[in-house]
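The structure presented is a predicted model; accordingly, all values stated were derived computationally and were not measured. The first residue of the sequence shown is numbered 1, and numbering continues consecutively from there.
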Amino acid sequence: MTLLDDPRPISADSHALEGPDVFEGLAERFGDDAPRVVSRDGQGDFIVIPNMPKRSRNVAFMALAGTRLDYETPLPREHASKPGAGSIDDPEIQAYISGGYAAMRPGLTDGARRPDDQDIDGVSAEILYPGWFPMFSLGDLDLLVALQRNYNDWMHAQSVASQGRLVGLAALPVQRPEAAVAELERILDLGFKGIVIPSNAPRGRRYSDEQYDPMWALAEEAGLPVGFHVACMSHVPDWLKAMADRDPVVQYAGSPALIHDTMVELMVRGVCAKFPNLKFVLAEFNAGWVAHWLDKVQQGWAREYSKDPSSVPPVDVLEIWKRQFFATIEDDTAALRTCELIGEETLLWGSDYPHTDSTWPCSTQVLDEMFENHSAATRDKITRTNVANLYSL
């Protein structure tokens, strides 16, 4: 029996909530550069790095969607849209912030209980990305390698405990390409079905550099999709730092720009040509922008070649997209309206549970409304069979 025997949707983008086990042993080896979980009386549980206090984060902020069933009156929700975020002052949210892990739904901390939350939402399974994004950008590379190894072991245990209803992705330390290959070999033996790497290459490098070819080759040979998740960065690029002075709404609305450099490295600069069977997933960038962006890339590539005929001649980037790329959507109805352009086989629905942008616990209703003008076959592809086929579920 496989997940395709279950007619319910599969979330292609959900998240883990890292517990203390993920950071076990790191402080002893790396001192105050290492992250760890710290409990503060009356304030909750935090993931902290003593030498980087600005990175301290209350774990509740990675799980606020889990508070929604605690409201006596459900949070408001627009047609075909996720529920409202609530207010930081709401007592339901404050209970999570001050109570830490102990105040949360059991499914957020125990893989064996996560199916309870899935059943409430009408979901059969979830592809799981990390929840603590700084794990991709630590400056001490020995620490980064050790942390991601810890995380992968923990994620494997969570997936096993869920009896197949959590499909965790393994993190790779691409700052050291040879270490990324070694960890990829190790997690293949553990049975992982996909990997996640930073949405941008390490500073001073590009994913099209030859040093990454062994990683791409092994992932392609093993049939493991490569995921890039919004805000999971190897570093904050200078152009993004410059955006700090812009309106926060501009920053939020412009989040797809965080993956554009990487897409050009893959599509235009040779990775997809070398590894035509390798699959890539853009997670939580949504997709209403993709068709227009691909058209502009095509024009830009043609302009570059016209100025320098010795450069690589352009090929059809839309064909590359349809052959090798997937994008997750939540309540992105604009993406559905571009299906004829980018291909409904390239879209994957995700609930984003337990993050604030999640459709949980209303995913069934949101999907009913999103797909009311689309065929049942289209809905089934985008919410179930595309992701099941991609990850061999």
Side-chain angles (χ1 to χ4, degrees), residues 12 127 129-130 135-137 141 144-145 148-149 151-152 167-230 232-235 237 258-283 285 290 294 297 301 311-328 345-346 348 387 389-392:
I127 309 298
Y129 286 85
M135 69 179 291
F136 291 99
S137 59
L141 299 192
L144 184 143
V145 170
Q148 293 193 3
R149 184 183 178 99
Y151 173 83
N152 292 338
V167 183
L169 303 180
L172 298 187
V174 297
Q175 286 85 342
R176 282 186 177 162
E178 70 282 359
V181 171
E183 184 64 3
L184 179 52
E185 291 172 340
R186 191 181 77 89
I187 63 96
L188 281 171
D189 290 338
L190 293 175
F192 277 86
K193 294 180 177 293
I195 58 179
V196 55
I197 64 175
S199 57
N200 58 345
R203 188 178 294 277
R205 298 178 180 173
R206 300 195 300 181
Y207 279 132
S208 52
D209 293 345
E210 289 185 359
Q211 59 193 310
Y212 289 113
D213 285 358
M215 179 180 73
W216 300 136
L218 182 55
E220 180 184 50
E221 179 184 2
L224 264 62
V226 180
F228 304 99
H229 196 281
V230 70
C232 291
M233 296 182 289
S234 66
H235 67 283
L258 296 172
I259 196 63
H260 291 170
D261 290 84
T262 292
M263 292 177 70
V264 168
E265 291 167 16
L266 301 175
M267 290 180 158
V268 179
R269 304 308 177 197
V271 177
C272 290
K274 288 182 181 178
F275 307 100
N277 295 314
L278 186 57
K279 309 301 182 186
F280 302 99
V281 180
L282 315 183
F285 294 95
V290 169
L294 291 175
V297 169
W301 199 354
S311 63
V312 176
V315 298
D316 191 336
V317 293
L318 180 58
E319 287 188 6
I320 297 174
W321 170 267
K322 290 182 176 180
R323 183 183 72 222
Q324 292 183 251
F325 283 81
F326 299 81
T328 73
E345 292 79 11
T346 70
L348 313 169
V387 66
N389 293 331
L390 176 63
Y391 290 100
S392 301

Novice: Checking E210 against D213 for the side-chain contact (heavy atoms from CB on, under 4.5 Å) test, could you report, in this order, the C-alpha distance in whole Å, the side-chain angles of both residues, the deciding distance, and whether it holds?
Specialist: CA-CA 5 Å; E210 289 185 359; D213 285 358; 4.1 Å; yes

Novice: Is there a side-chain contact between F275 and V271, using heavy atoms and a 4.5 Å cut-off?
Specialist: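 Yes, side chains in contact.
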
Novice: Decide side-chain contact (heavy atoms from CB on, under 4.5 Å) for W321 and M263; before the verdict, give the C-alpha distance in whole Å, the side-chain angles of both, and the deciding distance to 0.1 Å.
Specialist: CA-CA 10 Å; W321 170 267; M263 292 177 70; 3.8 Å; yes

Novice: For the residue pair F325 and C272, what are the closest heavy atoms and their distance?
Specialist: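 Between these two residues, the closest heavy atoms are CE1-SG, 3.7 Å.
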
Novice: For the side-chain contact (heavy atoms from CB on, under 4.5 Å) test, which of I127, L390, L278 pairs with P225?
Specialist: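 It is L390; the other options fail the test.
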
Novice: Is the side chain of N200 donor-acceptor paired with the backbone N or O of T262 at a distance under 3.5 Å, no angle test?
Specialist: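 It does not hold such a pair.
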
Novice: Looking at the rings of F280 and W216, which for Trp means the six-membered one, are their centres under 6.0 Å apart?
Specialist: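 Judged by ring-centre distance (under 6.0 Å), F280 and W216 do meet the cut-off.
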
Novice: Quick check: do R205 and Q211 have side-chain heavy atoms less than 4.5 Å from each other?
Specialist: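 The answer is yes, as the side chains (C-beta and beyond) meet within the 4.5 Å cut-off.
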
Novice: Give me the atom names and distance for the closest heavy-atom approach of Q175 to S234.
Specialist: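 Q175 and S234 have their closest heavy atoms at NE2-CB, 3.8 Å.
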
Novice: Looking only at heavy atoms, what is the nearest atom pair of L172 and A180, with distance?
Specialist: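 Residues L172 and A180, closest heavy atoms: CD2-O, 3.9 Å.
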
Novice: Any carboxylate oxygen within less than 4.0 angstrom of a Lys/Arg side-chain nitrogen, looking at K322 and E319?
Specialist: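 Looking at K322 and E319, the cut-off is not met.
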
Novice: Parallel, tilted or perpendicular: which describes the rings of Y207 and Y212, with under 30° parallel and over 60° perpendicular?
Specialist: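 Rings of Y207 and Y212: perpendicular, as their planes differ by over 60°.
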
Novice: Donor-acceptor check, side chain of K279 to backbone of R323, threshold 3.5 angstrom: yes or no?
Specialist: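 The answer is yes, because a donor-acceptor pair under 3.5 Å joins these two groups.
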
Novice: Could you give me the CA-CA distance, side-chain angles and deciding distance for E183 and M215, then say whether side-chain contact (heavy atoms from CB on, under 4.5 Å) is met?
Specialist: CA-CA 10 Å; E183 184 64 3; M215 179 180 73; over 6 Å; no

Novice: Measure the spacing between CG of L188 and CG of L224 and express it to the nearest 0.5 Å.
Specialist: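 If we round to the nearest 0.5 Å, L188:CG and L224:CG are 5.5 Å apart.
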
Novice: I need the I195 CD1 to L169 CG distance, nearest 0.5 Å.
Specialist: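 CG of L169 is found 9.0 Å from CD1 of I195.
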
Novice: Can you check side-chain contact (heavy atoms from CB on, under 4.5 Å) on V226 and I197, steps first, answer last?
Specialist: CA-CA 7 Å; V226 180; I197 64 175; 3.8 Å; yes

Novice: How about V167 and F192: do any of their side-chain heavy atoms sit closer than 4.5 Å?
Specialist: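 When only atoms from C-beta onward are counted, F192 and V167 do not touch, as no gap falls below 4.5 Å.
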
Novice: For the residue pair I259 and F285, establish whether any side-chain heavy-atom pair is separated by less than 4.5 Å.
Specialist: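 Touching, per the 4.5 Å side-chain cut-off.
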
Novice: Heavy-atom distance under 4.5 Å between the side chains of L348 and V281, does that happen here?
Specialist: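 Yes - at least one pair of side-chain heavy atoms lies under 4.5 Å apart.
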
Novice: Could you state the interatomic distance from CZ (R149) to CD1 (I187), rounded to the nearest 0.5 Å?
Specialist: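 Separation between the atoms: 12.0 Å.
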
Novice: Has E221 got more than 12 heavy atoms of other residues, nucleotides or ligands less than 6.0 Å from its CD?
Specialist: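 Counting neighbours around CD of E221, 12 or fewer heavy atoms of other residues, nucleotides or ligands fall under 6.0 Å, so no.
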
Novice: Is any side-chain heavy atom of D316 closer than 4.5 Å to a side-chain heavy atom of I320?
Specialist: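 D316 vs I320: side chains apart.
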
Novice: Ignoring hydrogens, what is the shortest heavy-atom contact between Y391 and K193? Give both atom names and the distance.
Specialist: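 Where Y391 meets K193 most closely, the heavy atoms are O-CD, 3.2 Å.
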
Novice: Hey, are the side chains of S199 and V230 touching, using non-hydrogen atoms and a 4.5 Å cut-off?
Specialist: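 When only atoms from C-beta onward are counted, V230 and S199 do not touch, as no gap falls below 4.5 Å.
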
Novice: Tell me the closest heavy-atom pair linking P202 and H235, and the distance in Å.
Specialist: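 Taking every non-hydrogen atom into account, C-CE1, 3.8 Å.
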
Novice: Report yes if the side chains of T328 and V387 come closer than 4.5 Å at any heavy-atom pair, otherwise no.
Specialist: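 T328 vs V387: side chains apart.
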
Novice: What are the two closest heavy atoms between S137 and M233, and how far apart are they?
Specialist: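 Looking at all heavy atoms of both residues, the shortest contact is CB-O, 3.3 Å.
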
Novice: What is the distance from atom CE of M135 to atom CG of L144, rounded to the nearest 0.5 Å?
Specialist: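 The CE atom of M135 sits 7.5 Å away from the CG atom of L144.
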
Novice: Sub-3.5 Å donor-acceptor pair from the side chain of N152 to the main-chain atoms of Q148, do we have one?
Specialist: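 Checking the backbone N and O of Q148 against the side chain of N152, a donor-acceptor pair under 3.5 Å is found.
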
Novice: Output yes when a side-chain donor or acceptor of W301 lies under 3.5 Å from a complementary backbone atom of V312, and no otherwise.
Specialist: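 Present.
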
